[in-house]
*Asks:* 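Take this structure first; my questions come after.
Below, chains carry the letters A, B, ... as their sequence lines are ordered, and counting in each starts from 1. For clarity, every value in this text was computed on a predicted model and none was experimentally measured.
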Amino acid sequence: MSDALDVLDQVGKWKASGKGVAIATVITTWGSSPRPVGSQLGVDDSGAMVGSVSGGCIEGAVVQEALAAIKDGKPRLLDFGVTDEQAWDVGLACGGKVQVFVEKVN
Amino acid sequence: MKAETIAALQAARSERRAVVLATRLSDAAEALVYRDKAEGPLAGDAAVVAAARRAMEVGRSETVDVGGAKIFLNVYVPPARLIVVGAVHIAQSLAPMATMLDFDVTVVDPRGAWATTNRFPGVKVVQEWADEAFNKMGLDVSTAVVTLTHDPKLDDPALEAALRSDVFYVGALGSKRTHAKRKDRLKEAGITDEQFERIHGPVGLNIGAKSPAEIAVSILGQIIEARARRLEALLAPKVAAA
């Protein structure tokens with residue numbers, strides 16, 4: 001819990017300082033996903049990140065969607081298959097699939 | 001997510017209140033579901049609130065289907081807490097080991113010479129009588145209480161308060177003979193046999209522990225077991241009464 005709330009602490013600060021902010025949350029996992037359900041990534045409108053949803057495999061794509069969500073205000077549901085190869089590249093000897101929900105902080 | 005939702009989650013953390021954030025994935029509508037109330041646009045949906053309370057009991061975040069709508073339930077439960085009554089030798093092993101296991105540890109002892117942060121680096125040390133300390137801290141289902149002082153004047157009030165709460169584990173150091181005498185005293189204080197049976201005493205798993213560190217391991221093994229059994233019981237399919 002402390003992990004997730006540390007992310008929300010930073011997100012709250014960004015929001016209070018007037019920045020556009022989005023939160024991405026791992027909502028479903030299959031197989032051996034790097035991060036458990038409930039893991040969160042906060043993104044501000046400059047692309048700064050706090051937290052993680054995968055340990056590196058998919059953060060780039062999630063940040064793009066987060067920036068789009070900050071602009072249009074619409075929530076997004078993203079599906080990622082983390083292949084064994086990709087996982088290996090970031091130092092995780094495992095595969096898995098994750099579903100990530102991205103929403104703007106209002 | 002709303003900025004107010006973040007503030008509410010932060011407040012729940014500082015008060016050690018369990019809360020579930022339910023989010024409808026189609027439109028990001030939310031409800032904050034506590035044990036005793038629910039707030040937000042989704043709070044009027046009884047099925048969502050019921051699903052959130054169940055996720056809270058089990059302590060696991062998940063996505064569920066409620067009447068055709070996908071709802072993500074993010075569970076925020078306070079970290080398990082261990083309250084050690086008696087800043088004694090065994091406590092000096094128990095506190096760091098429990099910290100390593102992610103317990104939020106507090107050592108309580110009214111005796112100033114014992115309850116020093118020097119003897120317990122990195123954990124909270126409260127120099128108060130246990131019942132007073134418990135009143136301020138608030139005992140809950142994610143708390144375990146262990147008494148170690150060997151002194152009825154210090155242990156008994158702590159056990160009384162713990163047995164009248166819904167903490168998930170109560171353990172008391174002392175031999176079988178000590179434990180039998182304890183039963184008589186607590187009975188006089190109004191503790192029922194059923195309540196008394198919740199005490200793990202003599203404390204710890206029977207692994208032949210001798211040294212303070214070994215005893216700490218046996219106590220923590222028992223606490224881990226108690227927590228796992230409780231979770232298993234919650235997850236078990238409910239059998240309808242005949």
*Asks:* Please flag which part of B:Thr23 lies under 4.5 Å from any non-hydrogen atom of chain A: side chain, backbone, both or neither.
*Replies:* side chain
*Asks:* Considering the options B:Thr63, B:Leu73, B:Ile71, which one meets the side chain to side chain contact (heavy atoms under 4.5 Å, CB included) requirement together with A:Ile27?
*Replies:*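 It is B:Thr63, the one option of B:Thr63, B:Leu73, B:Ile71 that forms the side chain to side chain contact (heavy atoms under 4.5 Å, CB included) with A:Ile27.
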*Asks:* For the residue pair A:Leu8 and B:Tyr76, establish whether any side-chain heavy-atom pair is separated by less than 4.5 Å.
*Replies:*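 When only atoms from C-beta onward are counted, B:Tyr76 and A:Leu8 do touch, with a gap below 4.5 Å.
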*Asks:* Please classify the contact between A:Ile23 and chain B as side chain, backbone, both or neither, with a heavy-atom cut-off of under 4.5 Å.
*Replies:* side chain
*Asks:* Given heavy-atom pairs under 4.5 angstrom as the criterion, report whether the side chain, backbone, both or neither of A:Lys104 touches chain B.
*Replies:* backbone
*Asks:* Would you indicate whether B:Arg119, at its atom CZ, is surrounded by more than 12 heavy atoms from other residues, nucleotides or ligands within a distance under 6.0 Å?
*Replies:*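 Yes, enclosed.
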*Asks:* If I compare all heavy atoms of B:Ala3 with all of A:Val105, which pair ends up nearest, and what's the gap?
*Replies:*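 Taking every non-hydrogen atom into account, N-CG1, 4.0 Å.
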*Asks:* Take a 6.0 Å sphere around CE of A:Met49 and say whether it holds more than 12 heavy atoms from other residues, nucleotides or ligands.
*Replies:*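 Atom CE in A:Met49 is not crowded, with 12 or fewer foreign heavy atoms closer than 6.0 Å.
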*Asks:* Let me confirm one number: the NZ-CD1 distance from A:Lys13 to B:Ile6, rounded to the nearest 0.5 Å.
*Replies:*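 A:Lys13 atom NZ to B:Ile6 atom CD1 measures 12.0 Å (nearest 0.5 Å).
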*Asks:* If you count heavy-atom pairs under 4.5 Å with chain B, which of A:Val26, A:Val37, A:Val11, A:Thr25 comes out on top?
*Replies:* A:Val37
*Asks:* Run the numbers on A:Gln40 and B:Asn74 for side chain to side chain contact (heavy atoms under 4.5 Å, CB included), then give the verdict.
*Replies:* CA-CA 11 Å; A:Gln40 291 184 314; B:Asn74 207 352; 3.7 Å; yes
*Asks:* Under 4.5 Å from any heavy atom of chain B, what part of A:Val21 do you find: side chain, backbone, both or neither?
*Replies:* neither
*Asks:* Let me confirm one number: the NZ-CD distance from A:Lys15 to B:Glu4, rounded to the nearest 0.5 Å.
*Replies:* 9.5 Å
*Asks:* When rounded to the nearest 0.5 angstrom, what is the spacing between OG1 in A:Thr28 and NZ in B:Lys70?
*Replies:*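 Rounded to the nearest 0.5 Å, the OG1-NZ separation comes out at 5.5 Å.
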